[in-house]
2 protein chains.
Amino acid sequence: SLHRIKASGLKLQLCTNETQATRENFVRKLRAMGFDISVAEVTAPAPAACRLLRERGLRPHLLVHDDLLPEFAGIDKTNPNCVVLGDAAENFTYANLNEAFRLLIGMEKPVLISLGKGRYYKETDGLKLDVGAYMKALEYACDVQAEVVGKPAKRFFESALAELGVPPEQAIMIGDDIVSDVGGAQQCGMRALQVRTGKFRPSDENHPEVKPDAYVNNLAEAVDIILQQL
Amino acid sequence: SLHRIKASGLKLQLCTNETQATRENFVRKLRAMGFDISVAEVTAPAPAACRLLRERGLRPHLLVHDDLLPEFAGIDKTNPNCVVLGDAAENFTYANLNEAFRLLIGMEKPVLISLGKGRYYKETDGLKLDVGAYMKALEYACDVQAEVVGKPAKRFFESALAELGVPPEQAIMIGDDIVSDVGGAQQCGMRALQVRTGKFRPSDENHPEVKPDAYVNNLAEAVDIILQQL
């Protein structure tokens with residue numbers, strides 16, 4: 001399906017909330033599975049956060065996964081004036097959480113940037129708390145509201161559109177998550193298809209707030225429909 | 001001041017949110033400082049939780065400080081059907097938080113009991129996240145509301161009154177925390193004095209929701225006033 005999109009001349013951007021690896025590693029994994037994808041074709045929360053940090057002159061203290069650190073290589077991290085939180089996994093230690101908390105509470109106006117707000121996810125060895133849970137802990141302790149830069153944040157989809165170089169009305173989002181993918185893209189002015197694969201649940205079709213522009217059985221069908229209408 | 005209260009024939013109960021030590025250890029520390037206090041004169045969140053667990057036939061998984069474990073010695077902890085959260089300090093590891101989360105999310109109706117909802121506290125080596133922050137993390141991940149058994153929970157003050165054997169209108173709370181001490185006691189039908197020591201802040205006197213029955217400069221003055229009115 002990806003190949004057919006590219007062969008048609010359409011531009012393509014993968015939108016992921018992955019924050020346990022750099023885009024380089026993410027792409028390496030996809031290429032090993034046979035997908036013809038380049039780093040420039042991936043929008044992820046960490047680069048979106050870096051853009052925001054540069055725009056606002058923010059110097060982050062990072063509480064993220066070790067494998068994500070290279071994404072922040074070019075960012076000034078001296079004398080931090082904000083905290084960037086990702087899915088830090090084993091780095092979510094008592095000491096690291098207290099350190100991030102102390103920095104935040106010590107700021108005149110605490111700035112907490114979160115790479116996502118997921119509640120939990122599944123790995124081979126079981127369910128794990130996701131970054132959203134730790135975000136809530138720090139929000140409560142410091143009485144602040146985090147700025148979320150992953151899906152479904154509007155600025156995340158704006159980043160993807162900027163990388164594609166197209167306005168929202170010329171882009172279509174295809175995703176399996178009714179809120180993060182479909183709702184986020186629509187709020188940004190894009191149309192959005194929900195695939196009935198992956199995270200899709202039949203109850204999504206009665207979601208109280210989000211209604212996709214159309215449902216498709218899978219990615220191949222989404223591509224069929226898009227190419228037919230060109 | 002404590003001695004004068006006892007000598008007058010009034011009953012006394014210390015209400016603490018301490019969850020890093022058993023009442024035995026707490027009392028030992030106070031006695032070493034010269035206070036004539038017995039374990040029976042202390043109301044603390046862990047015994048209040050044990051009462052609630054027994055009443056409702058709940059078998060806890062404990063995520064608490066090691067030093068608090070003896071308080072739960074008589075409680076059936078096999079095949080847990082709830083999670084009890086205290087200020088676990090160094091026990092707040094990534095693995096322990098995931099374990100508590102997995103147990104909760106696996107329950108048909110998750111029951112989370114929290115020994116407090118403090119945001120943070122200060123120790124000699126700096127500020128630390130308190131149990132409330134971890135409570136918020138688990139609440140968000142599992143989409144549940146924790147039941148708080150420490151101050152200012154109504155059931156906490158009801159426990160203290162039951163131990164004293166007096167109705168609320170015959171009891172007076174003296175405390176330095178406008179919300180946890182004064183507000184909690186008043187919601188239970190007690191009168192409450194705020195001392196202008198400890199945590200007291202001048203801004204407390206303009207608190208939007210809680211108004212003490214009176215302010216006193218310190219515990220000695222509170223005792224003077226109470227004994228005068230006997």
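Sequence lines set the chain letters: A, B, ... in the order given, protein chains first and strands last, and positions in each chain run from 1.
Judged as a side-chain contact (heavy atoms from CB on, under 4.5 Å), and not counting sequence neighbours, the contacts of A/Ala185 are A/Phe157, A/Met173, A/Met190, A/Ala192.
Within the 4.5 Å cutoff, the side chain of B/Phe101 has heavy atoms near those of the A/Leu127 side chain.
Of the listed residues A/Ala141, A/Gly132, A/Ala95, the one with more heavy-atom pairs under 4.5 angstrom with chain B than any other is A/Ala141.
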Atom pairs, donor to acceptor, chain B/chain A, distance under 3.5 Å:
from	atom 1	to	atom 2	distance (Å)
B/Asn98	OD1	A/Leu129	N	2.8
B/Arg102	NE	A/Leu127	O	2.7
B/Arg102	NH2	A/Leu127	O	3.1
B/Lys117	O	A/Tyr140	OH	2.5
B/Arg119	NE	A/Tyr140	O	3.1
B/Arg119	NE	A/Ala141	O	3.4
B/Arg119	NH2	A/Ala141	O	3.2
B/Leu127	O	A/Arg102	NE	2.7
B/Leu127	O	A/Arg102	NH2	3.1
B/Leu129	N	A/Asn98	OD1	2.8
B/Tyr140	O	A/Arg119	NE	3.1
B/Tyr140	OH	A/Lys117	O	2.5
B/Ala141	O	A/Arg119	NE	3.4
B/Ala141	O	A/Arg119	NH2	3.2

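For the residue pair A/Ala137 and B/Ala137, the shortest heavy atom distance occurs at CB-CB, 4.2 Å.
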